[in-house]
Number of protein chains: 2
Amino acid sequence: MGERHADTRSRIQDVALELFTEHGYEATSLREIAERLGVTKAALYYHFKTKEDIVASFMEDRVAALEEIVAWGRTQPKTDATRREVLHRYAELLARSNSHRVMRFLERNQTALRGHPRSERIRDIMFLVIDLLSDRGDPLPVRLKSTLAIFAMHATWFIDPDPTAYTDEERSKSALQIALELLDSAHAERADPASR
Amino acid sequence: MGERHADTRSRIQDVALELFTEHGYEATSLREIAERLGVTKAALYYHFKTKEDIVASFMEDRVAALEEIVAWGRTQPKTDATRREVLHRYAELLARSNSHRVMRFLERNQTALRGHPRSERIRDIMFLVIDLLSDRGDPLPVRLKSTLAIFAMHATWFIDPDPTAYTDEERSKSALQIALELLDSAHAERADPASR
DNA sequence: GTCTATAGCGCGATAGAC
DNA sequence: GTCTATCGCGCTATAGAC
């Protein structure tokens, strides 16, 4: 079944991502990662200069993909259609193979990764994505709903009523649906605040 | 300004909660907490048996308050009015002095606190609260919206478009409003799935 | 109730053989 | 590319004086 012996570097990344996410970045020692792979700590240091370097390697692609969405959004007019397309693109990104695993790792280790340049960069970009969905000067409920639209897509992957009951595709579709509803609700509110 | 020298035990709890939340549980050493308070590590051990014990002390009241909501909910008929009242009570709980600080600490340190009995208990109770909002057998979007209704109230406190721009009361009110909308939307969907 | 001093451990990281 | 061996550090926690 599955691929026997992918290269060691990838196997380190895979195991590290799992353990950092499940047990926490600080709580996971390089010894644990090495043991799980059947090698020694020293072997890890051949492939990665430091523990933080393993983390950085997860994020290279994520940063680029997120920046691409922001760059595109900024060239577009600030319309409902643009905002909905931002959510579609974000959902697509999350559905890509490892993307939601990396985002979950980041979310669960926010504090431990403080000061880590790559993870702070992703945090900043998330705010720029939210700024595509509403303006900084918009009323609180509009800003909150915009934030929650993104957040909802993460949560749908992360918080799991029953991990086995639904397929990834169902999950991804529901996530986007809910995010779009939150976005619509935010801008309906902005257009007509008295109705609420 | 403010209270000079509250008792040391409370000051330890206050500083620990702040540092555990901002820098992470594992990343915060007892030395840092002691230094911030102008005492030595050994003094902390007079007030708390272990580092984990400090964490446990945060949670005592939280567990009791959450269990109260679940116990109440289970005596009620499963109606829209009951579900809305659950959210109202949850919002009230979060608004109480330290409650959202503790929940934020828990959220940011989920992984580090794995295996800590009190924090796993809170996690379990959160699922019981969600079960007051929808049934385990409900369709995925209904379950997700129920989960997000609770999640939204946390996020409103935690994810902060601009920390200074709004009062706690505005924030609390908006949070509840959004949660209620998600709940309504969940059950409108359940009643009429074809409409979506 | 707070101190000084230290035990004991596991961590991240490195050197150098194979 | 992986190993054995080891360094130096900072951590949680404890003992015992004041």
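Proteins come first, then strands; the chains are lettered A, B, ... in the order of their sequence lines, and each starts at number 1. Bear in mind the structure is a predicted one, so any value in this text is a computation, not a measurement.
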When you measure from the side chain of B:T50, which nucleotide among C:dT2, D:dA13, C:dT14 comes out closest? D:dA13
A:L19 has an atom CG; how far is it from atom C1' of C:dC11, in whole Å? 16 Å
B:H47 NE2 to D:dA13 C1', in whole Å, measures 16 Å
Expected output is a numbered-order residue list: members of residues 22-41 of chain A with a heavy atom under 4.0 Å from any atom of DNA chain C. What is it? A:T28, A:S29, A:L30, A:R31, A:K41
Among B:V102, B:I12, B:I54, B:V55, side-chain contact (heavy atoms from CB on, under 4.5 Å) partner for B:L17: B:V102
Would you kindly give the CG-to-C1' distance between A:L44 and D:dT2, to the nearest whole Å? 11 Å
So, taking the atom named CG in A:D135 and the one named OG in A:S146, what distance separates them when rounded to the nearest 0.5 Å? 9.0 Å
Interatomic distance, B:R9 CZ vs C:dG1 P [rounded to whole Å]: 12 Å
Would you mind reading off the distance between B:I12 atom CD1 and C:dG1 atom P, rounded to a whole angstrom? 11 Å
Between A:H154 and A:Y90 (judged by ring centroids, cut-off 6.0 Å), do the two rings come close enough to count as a pair? yes
Report yes or no: do B:R104 and B:T21 form a side-chain donor-acceptor pair below 3.5 Å? no
Indicate yes or no for a side-chain donor-acceptor contact from B:T82 to the backbone of B:Q76 under 3.5 Å, with no hydrogens or angles considered. no
Which pairs, protein N/O on one side and nucleotides 15-18 of chain C N/O on the other, fall under 3.5 Å?
none

Relative to B:Y166, does B:K173 satisfy both conditions: NZ or CZ under 6.0 angstrom from the six-membered ring centre, and within 45 degrees of the ring's axis? no
Length of the OH-C1' vector between B:Y45 and C:dA7, whole Å: 13 Å
Under 4.0 Å from OP1 or OP2 of D:dT2: is there any side-chain N or O of A:Y46 that close? no
Would B:R83 and B:D184 pass as an ion pair if we require N to O under 4.0 Å? no
Rounded off to whole Å, could you give me the NZ-to-P distance for the B:K51 and D:dC11 pair? 9 Å
Side chain A:D14, main chain A:S10, donor-acceptor under 3.5 Å: no
Think B:K51 forms a cation-pi with B:Y45, using NZ or CZ under 6.0 Å from the six-ring centre and within 45 degrees of its axis? no
